[in-house]
Amino acid sequence: MIRGALRPLSAPVLAPAPLPRAQALLEWYDRHRRALPWREAARDPYRIWLSEVMLQQTTVAAVTPRWRRFLDRFPSVEALAAAPWAEVAEEWAGLGYYARARNLHACAQAVAARGGFPDTVEGLRALPGIGAYTAASVAAIAFGRAVVPLDGNVERVTARIAAVEEELPGARPRLAALAQGWMGQEEAAARPADFVQALFDLGATICTPRSPACALCPWRGACLGQRQGIAQSLPRKAPKRARPVKQGVHFLLTDAGGRLLLRRRPPSGLLGGMLGLPGTPWREEAWSEEDALAHAPALLPWRRLPGEARHGFTHFELRMALYTASAPPGLNAEGEWLAPEAAAAALPGAMQRLLALAEGAGAMASPARDAPARGAAKTPTPGRPA
DNA sequence: CAAGCGTGGTA
DNA sequence: TTACCAAGCTT
């Protein structure tokens, strides 16, 4: 497209933008690099890999304490490989995207069996849970390979520097090629780990999604998006669909010792492999009390707590009702009995909302958390037909 | 290839 | 409150 022809005649004539210089970015990085804990673990592929998997769609603030705790519990890839799944699940509880934990465990076993991590992009890419991004990231950061991982930061920086107006995800191959092209400069190829982390930091601290700090950007002079005044609007993305509301009913069964009945969820799918409270499936149609009670773990005088627990997933909004009962001595119910503290630690966030609801209603012997989760407890739903 | 898959923070 | 977003992968 011929940009010049569409500009007002009064627009100044701009010199062609220079190629973004790797050296300029690296000098900025040497002065402003963020002190992240996994950057201290120089080139240990286990720690680098663990950080990359945790950081998938997850913020640095959420990952930092969990990364430390995980390494305390599983100090090596061999230790992780040897651990039972229940321990890995407990350690990952609350972090979300639980397929990551399942793949992490499987990957550790594969790596331990072959005697260490592969040191090429192709070798890494073949492991469970390692896609194009993580393979390139570990290859560059842990093994010094001159490859650029395309994450959300690099997508944004690249789309803006080159003023790529094509929408994601279609633009991804073009953006990847552009970013990889920058790695072709001698200064970048001499420091691949620093160069990719410099791109991450630039995206995270300067070239942010909203209100980028262009005045502070080391690549400002080379940025076509900034020059055209469209940087903030890039990269463009297809609009997202509305999230439906789904409903479920769950059951909190307490024994004489105050322990709770939990069940391991099926190994794949939503919250796969994690513990949860027994309950109905989640569906858009409301549950009648009769239909819901058919999913109760035992035939008992169940009492519905007022209010509901709410939890937002990526693709739907969940509202859960909670019934409670006390287990008579000798009751035979399928599942595992856990103390409330152990349950709170091992449950995914959606299920923790139910414990918070019970705690708020005074239906539990001891607190599940310091305080009920935000927005968990709601006013009773008055009108819905039972 | 579009959809499924969590959670917490911010505007 | 709603909407968007964060160092994505799998099917």
| remark: Per atom distances to the A:Leu271 side chain, the nearest of B:dG6, B:dG8, C:dC5 is B:dG6
| message | Any base atoms under 4.0 Å from A:Pro149, or only sugar-phosphate, or nothing? Heavy atoms, all strands. | response | nothing
| said: In whole Å, I'd like the distance from the CD atom of A:Glu317 to the P atom of B:dG4. | reply: 16 Å
| said: C:dC4, OP1 or OP2 - any side-chain N/O from A:Lys237 closer than 4.0 Å? | reply: no
| query | Rounded to the nearest Å, what distance is computed from the CG atom of residue A:Leu55 to the P atom of nucleotide B:dG8? | reply | 16 Å
| said: Over all strands shown, is A:Arg66 touching base, sugar-phosphate only, or nothing at heavy-atom distances under 4.0 angstrom? | reply: nothing
| request: For A:Leu175 and C:dA7, give me the distance from atom CG to atom C1', rounded to whole Å. | output: 16 Å
| message | So, OP1 or OP2 of C:dA7: does either fall under 4.0 Å of a side-chain N or O from A:Thr134? | response | no
| said: Does B:dT7 have OP1 or OP2 under 4.0 Å away from a side-chain N or O of A:His311? | reply: yes
| said: With a 4.0 Å limit, can you tell me whether A:His315 has a side-chain N or O closer than that to the phosphate oxygens OP1/OP2 of B:dC5? | reply: yes
| field | Distance in angstrom units between A:Leu275 CG and B:dG6 C1', rounded | value | 16 Å
| message | For A:Trp67 and A:Trp38, take the angle between the two ring planes, folded into 0 to 90°, and tell me which bin it lands in: parallel under 30, tilted 30 to 60, perpendicular over 60. | response | perpendicular
| message | With a 4.0 Å limit, can you tell me whether A:Gln56 has a side-chain N or O closer than that to the phosphate oxygens OP1/OP2 of C:dG8? | response | no
| At under 4.0 Å, does any side-chain N or O of A:Arg156 touch on OP1 or OP2 of C:dA6? | yes
| message | Let's test your reading of the model: under 3.5 Å, does the base of C:dG8 pair with the side chain of A:Tyr133 as donor and acceptor? | response | no
| message | What's the closest nucleotide to the side chain of A:Thr314 if the choices are C:dC5, B:dG6, C:dA7? | response | B:dG6
| query | Would you call the rings of A:Trp287 and A:His295 parallel, tilted or perpendicular if under 30° counts as parallel and over 60° as perpendicular? | reply | perpendicular
| Ring centers of A:Trp282, A:Phe313 separated by less than 6.0 Å | yes
| said: Without decimals, in angstroms, what is the distance between A:Phe316 CZ and B:dT7 P? | reply: 10 Å
| message | Would the base of B:dG8 count as contacting A:Thr58 through its side chain, where contact means a donor and an acceptor less than 3.5 Å apart? | response | no
| query | Using the P atom in both, what is the distance from C:dA7 to B:dA3, to the nearest Å? | reply | 23 Å
| query | Counting N and O atoms only, with roles assigned by atom type, does the side chain of A:Arg125 sit under 3.5 Å from a partner on the main chain of A:Ile130, one being a donor and the other an acceptor? | reply | yes
| query | Any donor-acceptor pair under 3.5 Å between the side chain of A:Arg210 and the base of C:dA6? | reply | no
| said: Just the rounded figure in Å: distance from P of C:dC4 to CZ of A:Arg241. | reply: 14 Å
| said: Can you tell me if A:Tyr98 touches the phosphate of B:dT7, counting only side-chain N or O atoms and a distance under 4.0 Å to OP1 or OP2? | reply: yes
| said: Counting only heavy atoms from other residues, nucleotides and ligands, does the tally under 6.0 Å from CZ of A:Arg236 exceed 12? | reply: yes
| message | Regarding A:Trp38, tell me which of base, sugar-phosphate or nothing describes its non-hydrogen contacts under 4.0 Å with the strands shown. | response | base
| said: Closest-nucleotide mapping onto DNA chain B: is A:Leu95 or A:Ala61 further toward the 5' terminus? I mean the 5' end. | reply: A:Leu95
| A:Trp92 (side chain) donor-acceptor with A:Gly96 (main chain) under 3.5 angstrom | yes
| said: From the set B:dG6, C:dC5, C:dA6, return the single nucleotide nearest to any side-chain atom of A:Leu270. | reply: B:dG6
| request: Calculate the interatomic distance between A:Leu104 atom CG and C:dG8 atom P; express it in whole Å. | output: 16 Å
| query | In this structure, are over 12 heavy atoms from other groups packed under 6.0 Å from A:Arg303 atom CZ? | reply | no
| message | Need one value for A:Gly312: base, sugar-phosphate or nothing, where a base atom within 4.0 Å counts as base even if backbone is also close, heavy atoms only. | response | base
| request: Look at A:Arg39 and C:dA7 and indicate whether a side-chain polar atom (N or O) is within less than 4.0 Å of OP1 or OP2. | output: no
| task | Using the closest heavy atom to pick a nucleotide of DNA chain C for each, name whichever of A:Leu36 or A:Ile130 lands nearer the 5' end. | result | A:Leu36
| query | Base, sugar-phosphate, or nothing for A:Ala350, non-hydrogen atoms under 4.0 angstrom? | reply | sugar-phosphate
| task | Can you tell me the distance, in whole Å, between the CZ atom of A:Arg265 and the C1' atom of B:dC5? | result | 12 Å
